[in-house]
Trainee: 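Sharing a structure, written as structure tokens. Questions coming.
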Number of protein chains: 2
Amino acid sequence: MRPQKVLDNDILIGLTKVFRSNGYEGTSLKELAEATGLKKASLYHRFPNGKQEMAEAVFTYINTWVQENIFQALQNEQHTPEVRLQNGLDGIRRLYDNGKEVCIFRALSMQTGLELFEQQINSGMTQWIAEFTEIGIVLDFTPTEAAQHALQTLIEVQGSLIVTKGMDNISVFENTLKNIENRYLNT
Amino acid sequence: MRPQKVLDNDILIGLTKVFRSNGYEGTSLKELAEATGLKKASLYHRFPNGKQEMAEAVFTYINTWVQENIFQALQNEQHTPEVRLQNGLDGIRRLYDNGKEVCIFRALSMQTGLELFEQQINSGMTQWIAEFTEIGIVLDFTPTEAAQHALQTLIEVQGSLIVTKGMDNISVFENTLKNIENRYLNT
DNA sequence: GTCTATAGCTAGATAGAC
DNA sequence: GTCTATCTAGCTATAGAC
């Protein structure tokens, strides 16, 4: 077994970066090769199904990150519910680099008919809502209220990312996260 | 002057449809030709700068539609402020076909470095906020409150479109529009 | 496991007949 | 103004040496 020239994790970071800024169709293997430091043929060795498999790997990579850094923070019973919420929101800030980064799922979903991604996005959003509903209930909202707030949180995070990018104004994202926090913690 | 086989407006409708569902990079001239009923070379006769000019034309076409169907409805002083707001929101419903359609600006902006679109999106969002701030002031909010609600409206419309598509659930979009209406008309 | 070289194809774009 | 035919560049993907 010849050693890997580039670590799996570093490859995923490079792939993520390119897909995130160019989208799926807008990304070429040339760019992916340059970003990872491997040649095209070497990328095919790691990902035999090519570009699609690379995108899927990015999907899984980000999904895992969200699980470990956002959902687990929300669930961590070693902290008070208030701190759990704040840690979860901090995870969101890091995921999107304070609004500077686009949602990778959105970047990858804008493409002709790969239903795999559609299904993953659907279940990802469903879990997102479930997790935020849970922390809402812990924070003494009724289940109905908590579910509404969870959906609203998802809508506002996604919407604020678009408006932040469109208006080139980071404060839109940060203000939205503050509003979300206040909605959960105040009253 | 030989007569046009396809009317300008019908071409724009076809181009819009394809760009909207595939994005800029994901759209091929073959698809654009099929959707418009013209051959590729004929499309180049109408749009000498090719694909980019076609996308720009779609941009202008949608911008005009928004002006005429949303912003003018908000400004129309022949109606009460309440009716003007409702007509504007109905324009939004039609623009996105009740949540079934993606935001065309978003579909076109996911591409490598065409700054023209960035600038148009920026000014489009700025005007959107100005128009909704104006109707908010007419509805007796303070300028500060009105500006906040206008920004929030843009965020929620964009976010709800993404969540609606991601979860394949039209009611997300409709409920968001109802919430927006209530925020302006109630209290 | 990584590389050079290249196959096979489709993209965007043009030439020129009608 | 629209068409058929074609060019060239770039794409995804593979073969085979090391």
Side-chain angles (χ1 to χ4, degrees), chain A residues 1-59 107-117, chain B residues 1-59 107-117:
Chain A
M1 296 285 257
R2 182 168 166 179
Q4 293 181 335
K5 179 183 170 188
V6 182
L7 293 176
D8 283 358
N9 200 259
D10 291 337
I11 291 184
L12 286 170
I13 290 172
L15 298 180
T16 301
K17 188 171 175 179
V18 179
F19 278 126
R20 200 167 199 170
S21 56
N22 297 351
Y24 185 80
E25 310 274 7
T27 294
S28 71
L29 286 178
K30 189 165 176 279
E31 292 168 294
L32 293 172
E34 287 167 1
T36 55
L38 285 180
K39 299 296 175 183
K40 283 193 284 179
S42 304
L43 277 177
Y44 272 90
H45 181 78
R46 303 272 190 114
F47 305 94
N49 286 329
K51 189 175 172 180
Q52 178 172 345
E53 186 175 350
M54 296 179 213
E56 289 169 13
V58 167
F59 232 106
L108 283 177
S109 69
M110 199 70 223
Q111 121 240 188
T112 356
L114 269 178
E115 274 90 19
L116 172 68
F117 292 142
Chain B
M1 296 285 257
R2 180 168 167 179
Q4 292 181 336
K5 180 183 168 187
V6 182
L7 293 176
D8 282 357
N9 199 261
D10 290 337
I11 290 184
L12 286 170
I13 291 172
L15 297 180
T16 300
K17 188 172 176 177
V18 178
F19 277 125
R20 200 168 199 168
S21 56
N22 296 351
Y24 184 81
E25 309 275 6
T27 294
S28 70
L29 286 178
K30 189 163 174 278
E31 291 168 295
L32 293 172
E34 287 167 1
T36 54
L38 286 179
K39 299 296 176 184
K40 281 195 287 179
S42 305
L43 276 177
Y44 272 90
H45 180 78
R46 303 272 191 113
F47 305 94
N49 286 329
K51 188 176 173 181
Q52 177 172 345
E53 186 175 349
M54 296 179 214
E56 290 169 13
V58 166
F59 232 105
L108 282 177
S109 70
M110 200 70 225
Q111 122 240 187
T112 354
L114 269 178
E115 275 88 19
L116 173 67
F117 294 141

Trainee: For C:dG1, does either OP1 or OP2 sit under 4.0 Å from a side-chain N or O belonging to A:His45?
Mentor: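 Affirmative; the distance criterion is met.
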Trainee: Which residues in residues 9-20 of chain B have a heavy atom closer than 4.0 Å to any atom of DNA chain D?
Mentor: none
Trainee: Please enumerate all residues that pass side-chain hydrogen bond (donor to acceptor under 3.5 Å, both in side chains) together with A:Ser28, with sequence neighbours excluded.
Mentor: A:Glu31
Trainee: Checking B:Phe47 now: which residues fulfil ring pair (Phe, Tyr, Trp, His ring centres under 6.0 Å) with it, not counting sequence neighbours?
Mentor: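 B:Phe47 satisfies ring pair (Phe, Tyr, Trp, His ring centres under 6.0 Å) with no residue once adjacent residues are dropped.
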Trainee: Whole angstroms only, please: what is the CG-P distance between B:Leu32 and D:dT2?
Mentor: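 Taking CG of B:Leu32 and P of D:dT2, I get 16 Å after rounding.
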Trainee: Taking only residues at least two apart or on different chains, which pairs with a member in residues 33-54 of chain A satisfy salt bridge (charged side-chain N to carboxylate O under 4.0 Å, His left out)?
Mentor: A:Asp8-A:Arg46, A:Lys30-A:Glu34
Trainee: Can you tell me which residue among B:Leu38, B:Ile11, B:Leu15, B:Asn22 is in a side chain to side chain contact (heavy atoms under 4.5 Å, CB included) with B:Leu32?
Mentor: B:Leu15
Trainee: Roughly how far, to the nearest 0.5 Å, is NZ of B:Lys17 from OG1 of B:Thr27?
Mentor: 13.0 Å
Trainee: In chain order, what residues pass the side-chain contact (heavy atoms from CB on, under 4.5 Å) check against A:Tyr44, with sequence neighbours excluded?
Mentor: A:Leu29
Trainee: Just how far is it from atom CZ of A:Phe117 to atom CD of A:Gln52, taken to the nearest 0.5 Å?
Mentor: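 Result: 6.0 Å between the selected atoms.
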Trainee: What one-letter contact string describes nucleotides 3-18 of chain D from 5' to 3', where B marks a base within less than 4.0 Å of any protein heavy atom, S marks contact via sugar-phosphate atoms alone, and - marks no contact?
Mentor: BB------SBBBB---
Trainee: For the pair A:Thr36 and A:Leu43, evaluate side chain to side chain contact (heavy atoms under 4.5 Å, CB included) and give the outcome as yes or no after the intermediate values.
Mentor: CA-CA 9 Å; A:Thr36 55; A:Leu43 277 177; 3.9 Å; yes
